[in-house]
Amino acid sequence: MKSDQSKLDPPLFSNEPEPSDTKRGVSAEEQPSCCARCQDVLKDPVSTSCGHWFCRQCISSYWDQSAPSGHSSCTQCGDRSRTISCGQTDVGLQEVLQEHKMSLRRRCEHVTEGSDEPGGGTLLNRIYTELYITEGHSGEADTQHEVMQLEKASKKSLHDTPIRCQDIFKAFPEQQRAIRVVLTNGVAGIGKTFSAQKFTLDWAEGQENQDVSVVVVLPFRELNLIRDEQHSLLTLLHVFHPTLQKVTAEQLAVCKLLFIFDGLDESRLSLVFTNRKVVSDVSQKSSLNILLVNLMEGNLLPSALIWITSRPAAANQITPTCVDRLTEVRGFTDRQKEEYFRRRFSDEEHSSTIISHMKTSRNLHIMCRLPVFCWITAAVLEHMLTTEQRGELPKSLTDMFSHFLLVQTQKKKNKYHEGHEMSPQELMEKPVYCFVHLSIQEFLAAVYMFHCYTNRNQKVLQDFLGKDWQDENGDTLDVFLNKVMEKSLRSENGHLDLFVRFLHGLCLESNQRLLGGLLGQTENRPEMIQRVINNLKEMNSYEMSPDRSINIFHCLMEMKDLSVHQEIQEFLQLYNCELSESHCEVVASALKSNPSHLTDLDLSRSINLQDSGVKHLSAGLQSPNCKLETLRSVHC
Ligand SMILES: Nc1ncnc2c1ncn2[C@@H]1O[C@H](COP(=O)(O)OP(=O)(O)OP(=O)(O)O)[C@@H](O)[C@H]1O
């Protein structure tokens, strides 16, 4: 049993003003770089009144152990000591830091999503939904298309221990290590920026990570704007956080800082880690990339914590030896998807309708792992449920994106054209645009290509299809789509997969009606649609990567061809298949999974089932999750 009874008062890390000789900021020159106890780089430095310096953790645990003997003494000279918590001794500094906290709080408490007005928007705490973040990297090939990565991820079971974004610097209990640099990966729209914002807000509201005295947010998108300027770390802070202008180099050296570098993928700085130009003084001017590398390597402010977020393809710019923890934002789990919609809508009926609609379409359900897609879905469905357009809710991706385009166009009109047309000068003041998500770019590319086809824009079609495009004989829609499909199937990384899905979805009359004039005069006679479907079904998938051939099914789904569904289901009931041991393992895992959807299993022609396979199957059948209703078994 642990008891406090034999202990003297714990060491004092107080905010109270210290005795007169310590009532000042501690100057950087007085502070050694190593802890007197662990001899390693000082982390969260504190000094004793006798003048020795320690990591806060080292001296605290020493005193914890020695307290029963009744002495809170300095490990070096034995002096009965008090500690000075650095950065907390200077009353002026305290005020500045408080002001900085308040300014960050104001900046982070609202979010602007899509076309919301800057400064307006929603409260972050109202809509923030916990994300599934884990340590390490799922190892998905980074060259792969991001939406495909998402589909693959949905097939993996989620068992890794989640880390809350607020705990990103806290090691797991079994990990005996300090975490100084964290690199967080995640595909576009998965919630990296939101996590960084939530982390900052919780700190600024005094709720989490209160051992940190200053959080500094430096988005790469904004760093790009000053990439040709020379800065010291101090002036850089002043540029990004004017409230910190009164902080001096000496004060900075004793504060515990945490830097958030968001969106490495957008960086136009070249971070060269082999460059040996060492910058260790916060007042020393240098180019931005050198400054950042020195900060990340720990030459500059060695006790500062660093959090870098990046899309996977850009993360390799950071040399792995600098990174103490690699994490991945994996989006929303099924439970979190539902929580997202419930938080988003105060009207419970709306959220329930949206959740059950999302569950009816496998494609939508998978895509909702991506928070930005949840937002798109919420924007579209809210619009449909609150206006008179209560017709059929969008089921395929193309349906959803077509509606989204309409909702956005409407919002844009309200925002920019209400009352007056924008002058060219006003337009010039908004020179940077970005896609909410790459999938929107691919959808617009498909709309554009469809438009070019209907308007016979020879140049664009020829540039895209090369010698395959011979229009003299006037390719009909089915022939055109066939050529595009073949081109996409030749791609190794599937970069055209989503684009062709959209292109097929746009053949449907319902989507053409929605997009009106955008697509031009189209051919959507039922015979034409049937020809497109037949072509897809007859595509030769021999020697094609499985991912590409699966995309043929996705295209059929976008065309709402239900026969595919039936065919897939027939194929999945495993009639007349020779099941190997590993196949049986897969069937068993489908029986055990939670929730399990396998209700009908026909193994009547699986004549070569071996004992090992049967063992797997019976383990699956015994699972409490098994929902099997009909089992046609092997004939003996
Ligand atoms: N935790 C969350 N709770 C609620 N909504 C979220 C959350 N995370 C993300 N979103 C929604 O998804 C959108 C995109 O998220 P965010 O900008 O954080 O993605 P990102 O990973 O930084 O993407 P990119 O790499 O494109 O910058 C947000 O604008 C918001 O609508």
Side-chain angles (χ1 to χ4, degrees), residues 140-153 187-189 265 311-313 363 366-367 370 372-373 396-402 404-405 435-455 457-471 475-508 511 515 518-519 522 532-533 535-559 561 564:
E140 299 290 350
D142 291 341
T143 50
Q144 233 186 12
H145 191 289
E146 293 187 346
V147 170
M148 313 308 147
Q149 288 183 32
L150 212 66
E151 277 161 5
K152 279 213 170 137
V187 297
D265 42 279
R311 290 186 191 166
N363 265 343
I366 290 178
M367 286 292 282
L370 200 68
V372 76
F373 190 77
S396 70
L397 288 187
T398 318
D399 293 350
M400 187 63 85
F401 279 71
S402 301
F404 183 64
L405 192 60
F435 289 101
V436 178
H437 187 250
L438 296 180
S439 53
I440 306 271
Q441 189 174 359
E442 290 169 270
F443 175 72
L444 291 177
V447 170
Y448 178 63
M449 193 53 76
F450 209 100
H451 170 90
C452 289
Y453 167 76
T454 51
N455 288 286
N457 185 331
Q458 304 294 349
K459 166 120 186 43
V460 172
L461 295 167
Q462 198 134 43
D463 282 353
F464 182 63
L465 283 176
K467 59 179 170 32
D468 285 345
W469 176 252
Q470 301 137 353
D471 190 48
D475 277 351
T476 46
L477 184 63
D478 56 326
V479 177
F480 167 66
L481 288 176
N482 209 25
K483 288 177 177 174
V484 179
M485 193 69 199
E486 276 177 357
K487 181 177 165 109
S488 81
L489 294 175
R490 288 195 295 269
S491 157
E492 281 188 8
N493 63 1
H495 73 292
L496 293 173
D497 283 1
L498 198 56
F499 165 80
V500 287
R501 276 194 219 177
F502 286 135
L503 208 54
H504 282 86
L506 291 172
C507 296
L508 294 193
N511 288 323
L515 297 176
L518 271 185
L519 297 177
T522 51
V532 177
I533 291 176
N535 284 348
L536 284 172
K537 286 187 177 173
E538 284 161 18
M539 288 234 114
N540 185 356
S541 58
Y542 188 62
E543 285 191 349
M544 190 187 288
S545 101
D547 288 338
R548 294 298 79 67
S549 55
I550 285 173
N551 205 45
I552 301 177
F553 284 111
H554 284 302
C555 290
L556 286 162
M557 300 294 270
E558 289 303 314
M559 297 198 69
D561 177 56
V564 198

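Keep in mind the model is a prediction, meaning the values are calculated, not measured.
Here the shortest heavy-atom pairing between L496 and S488 reads CB-CB, 3.7 Å. In this structure, C507 and L477 approach most closely via the heavy-atom pair SG-CD2, 4.0 Å. Shown here for G505 and T398, the closest heavy-atom pair between the two residues is CA-OG1, 3.4 Å. Across every non-hydrogen atom of L503 and A446, the tightest pair is CD1-O, 3.4 Å. Listed here is the closest heavy atom pair of L397 and M367: CD2-CG, 3.7 Å. Residues L536 and I552 come closest through the heavy atom pair O-CG2, 3.3 Å.
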Output, in order, the C-alpha distance, side-chain angles, deciding distance and verdict of ring-ring contact (aromatic ring centres under 6.0 Å, His included) for F499 and F464. CA-CA 13 Å; F499 165 80; F464 182 63; 5.6 Å; yes
CA sep, side-chain torsions, deciding dist, call: E442, L444, side chain to side chain contact (heavy atoms under 4.5 Å, CB included): CA-CA 5 Å; E442 290 169 270; L444 291 177; over 6 Å; no
Please evaluate residues E538 and I533 with respect to the criterion side chain to side chain contact (heavy atoms under 4.5 Å, CB included), reporting the C-alpha separation (whole Å), side-chain torsions for both, the decisive distance (0.1 Å), and the verdict. CA-CA 9 Å; E538 284 161 18; I533 291 176; over 6 Å; no
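Taking CG from N511 and CG from L506, the interatomic distance works out to 6.0 Å, rounded to the nearest 0.5 Å. Atom SG of C555 is separated from atom CG of L498 by 9.5 Å, given to the nearest 0.5 angstrom. Summarising the geometry, atom CG belonging to L461 is positioned 6.0 Å from atom SG belonging to C452; distances are rounded to the nearest 0.5 Å.
Side-chain atoms of N535 do not come within 3.5 Å of backbone N or O of N482 as any donor-acceptor pair. A donor-acceptor pair under 3.5 Å links the side-chain atoms of T454 to the main chain of L519, judged by distance alone. The backbone N or O of L556 sits nowhere less than 3.5 Å from a side-chain atom of D561 that would complete a donor-acceptor pair. In this structure a side-chain-to-backbone donor-acceptor pair under 3.5 Å is present from N455 to H451.
A heavy-atom distance below 4.5 Å is not found between the side chains of F502 and V447. For the pair M400 and L405, the minimum side-chain heavy-atom distance is 4.5 Å or more. Residues Y453 and V460 form no side-chain contact, since every pair of their non-hydrogen atoms from C-beta on lies 4.5 Å or further apart.
With S396 as reference, E558 is the one residue of E558, H554, H504, R501 to meet the side-chain hydrogen bond (donor to acceptor under 3.5 Å, both in side chains) rule. Tested against F443 for a ring-ring contact (aromatic ring centres under 6.0 Å, His included), the candidates F401, F450, F373 yield a single pass: F401.
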